[in-house]
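As structure tokens, the structure follows; a few thoughts come after it.
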Amino acid sequence: MPPLSAVAFLALAALTLGSAGIVAFSKNIIHSTLALLGTFMGIAGLYITLSADFLAATQILVYVGGTLTLILFAVMLTSRIEDMKVSNPQTGIPVAFGLTTVVLLVLGKVATGTAWPSEAKAAVPSTAKLGHAFLGEFLLPFEVGSVVLLAAMIGAVVLARRAVKRTWEKE
Amino acid sequence: MEIGLIEYLSVSAVLFGLGLFTVMTRKNAVGILLGVELILNAAALNFVAFNHFIAGGVSGQVFTVFIIVLAASEAAIALAIVLQVYRNYRSIMADRMTALKN
């Protein structure tokens with residue numbers, strides 16, 4: 001009987017990669033988008049096993065609650081329901097397959113050629129340390145990050161709004 | 001079976017490969033965006049794994065928080081652009097957006 005942590009890791013990895021496979025190969029954009037939910041959940045679980053509990057909560061809140069909902073809205077607003085069946089066509093599969101294989105081979109060679117520490121480490125909570133890091137060492141990047149978010153929000157609103165014709169433009 | 005760093009790196013590498021494949025094969029602009037999200041998640045997972053097994057501390061997690069912040073703003077901007085493209089072309093297939101060709 002393998003230890004519980006190994007079972008949890010294998011289940012989360014299977015959830016992550018299985019959903020990512022659906023994202024990559026499904027012919028229906030709705031299925032792809034909803035499968036991304038499984039990937040985000042699996043990654044959040046992997047974060048917990050890596051002692052990043054705050055990141056796991058953030059992953060669920062931001063990705064599942066924000067980004068995924070946004071993407072689903074975009075899909076619904078840009079695809080007609082009747083041609084939803086093959087709404088996600090693929091092209092250039094052989095080239096992409098070849099390049100992906102090459103990239104994976106290089107990554108695998110680097111990963112197996114380096115001597116990593118292989119012993120497992122216990123997961124410990126790290127939220128308090130992360131909070132201290134953000135309000136101490138990383139305060140400036142943290143504030144810059146909030147400015148980036150504000151700029152992105154305003155930019156998205158400006159880009160996505162329907163241009164309103166003013167009365168003097170109609171004449 | 002002991003779960004070390006290399007197992008997490010393998011998951012992250014396969015996730016990156018699937019994301020790369022998605023970005024390269026999809027015609028639907030939203031599909032391409034899904035692939036970008038997969039790639040960003042793979043990179044973030046790598047940061048957290050290295051932080052846990054090698055670096056210690058929380059610097060890797062700080063990086064991942066910034067990855068999440070940038071991914072959220074990127075998704076908002078990209079989807080606004082996709083909506084505008086749909087308004088102009090009545091389609092979001094990437095091979096139909098050829099106004100700048102020639």
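All chains are named by letter (A, B, ...) in the order of the sequence lines, taking the proteins before the strands, and each is independently numbered beginning at 1.
- For a residue to count as touching a neighbouring chain, one of its non-hydrogen atoms must lie under 4.5 Å from one of that chain's; by this rule A/T114 does not touch chain B.
- Between B/E7 and A/F9, some side-chain heavy-atom pair lies under the 4.5 Å cut-off.
- Counting heavy-atom pairs closer than 4.5 Å to chain A, the top-ranked of the candidates B/D95, B/L83, B/N28 is B/N28.
- With a 4.5 angstrom heavy-atom cutoff, A/L107 touches chain B only via side-chain atoms.
- Between A/F134 and B/F66, the ring planes are perpendicular. Angles over 60° get that label, and only those under 30° would be called parallel.
- Only the side chain of A/V103 has a heavy atom closer than 4.5 Å to any heavy atom of chain B.
- When all heavy atoms of A/I29 and B/G31 are compared, the closest pair comes out as CD1-N, 3.7 Å.
- Contact annotation for A/F25: both backbone and side-chain heavy atoms come within less than 4.5 Å of a heavy atom of chain B.
- Contact tally against chain B (heavy-atom pairs below 4.5 Å) for A/S126, A/S5, A/G92, A/G66: the top residue is A/S126.
- Contact count versus chain A (heavy atoms, under 4.5 Å) is highest, among B/V23, B/V30, B/L38, for B/L38.
- Residue B/A44 touches chain A through both its backbone and its side chain, counting heavy-atom pairs closer than 4.5 Å.
- Summarising the hydrophobic clusters (Ile, Leu, Val, Met, Phe, Trp, Tyr; side-chain heavy atoms under 4.5 Å, direct or chained), the residues clustered with A/V147 are none.
- Contact annotation for A/L36: only side-chain heavy atoms (C-beta onward) come within less than 4.5 Å of a heavy atom of chain B.
- For the set B/I6, B/N41, B/L70, the count of heavy-atom pairs under 4.5 angstrom toward chain A peaks at B/N41.
- Within the 4.5 angstrom heavy-atom criterion, only side-chain atoms of B/F16, from C-beta onward, approach chain A.
- Contacts between A/S146 and chain B at a heavy-atom distance below 4.5 Å are absent for every atom of the residue.
- Applying the side chain to side chain donor-acceptor pair (under 3.5 Å) rule to B/S12 yields the partners B/N46; only residues at least two apart in sequence or on another chain are considered.
- Listed by chain and number, the hydrophobic cluster partners of A/I154 are A/L150, A/M153, A/V158, where partners are ILVMFWY side chains within reach of under 4.5 Å, directly or through others.
- Side-chain contact between B/R26 and A/P89 is absent, with no heavy-atom pair separated by less than 4.5 Å.
- Between chain A and the residues B/V11, B/L33, B/N51, the most heavy-atom pairs under 4.5 angstrom are made by B/V11.
- Of the listed residues B/V14, B/L20, B/L34, the one with more heavy-atom pairs under 4.5 angstrom with chain A than any other is B/L34.
- At a 4.5 Å heavy-atom cutoff, the contact between A/F97 and chain B is made by backbone and side-chain atoms alike.
- Here the shortest heavy-atom pairing between A/L50 and B/H52 reads O-ND1, 3.4 Å.
- Nearest approach of A/G155 to B/I77, heavy atoms of both residues: C-CD1, 4.1 Å.
- Heavy atoms closer than 4.5 Å to chain A are found in both the backbone and the side chain of B/L45.
- When every heavy atom of A/T67 is checked against every heavy atom of B/E37, the shortest pair comes out as CG2-OE2, 3.7 Å.
- Within the 4.5 angstrom heavy-atom criterion, atoms from both the backbone and the side chain of B/L18 approach chain A.
- With a 4.5 Å cut-off on non-hydrogen atoms, A/L70 touches chain B through its backbone and its side chain both.
- Using modelled atom types, one side-chain atom of B/Q84 and one backbone atom of A/L159 make a donor-acceptor pair closer than 3.5 Å.
- Proximity to chain B is limited to the backbone of A/A122, based on heavy atoms less than 4.5 angstrom apart.
- Smallest separation of non-hydrogen atoms from B/Y86 and A/L77: CE2-O, 3.5 Å.
- Contact annotation for A/T39: only side-chain heavy atoms (C-beta onward) come within less than 4.5 Å of a heavy atom of chain B.
- Among the residues in residues 136-144 of chain A, those with a non-hydrogen atom closer than 4.5 angstrom to a non-hydrogen atom of chain B are A/F138, A/P141, A/F142.
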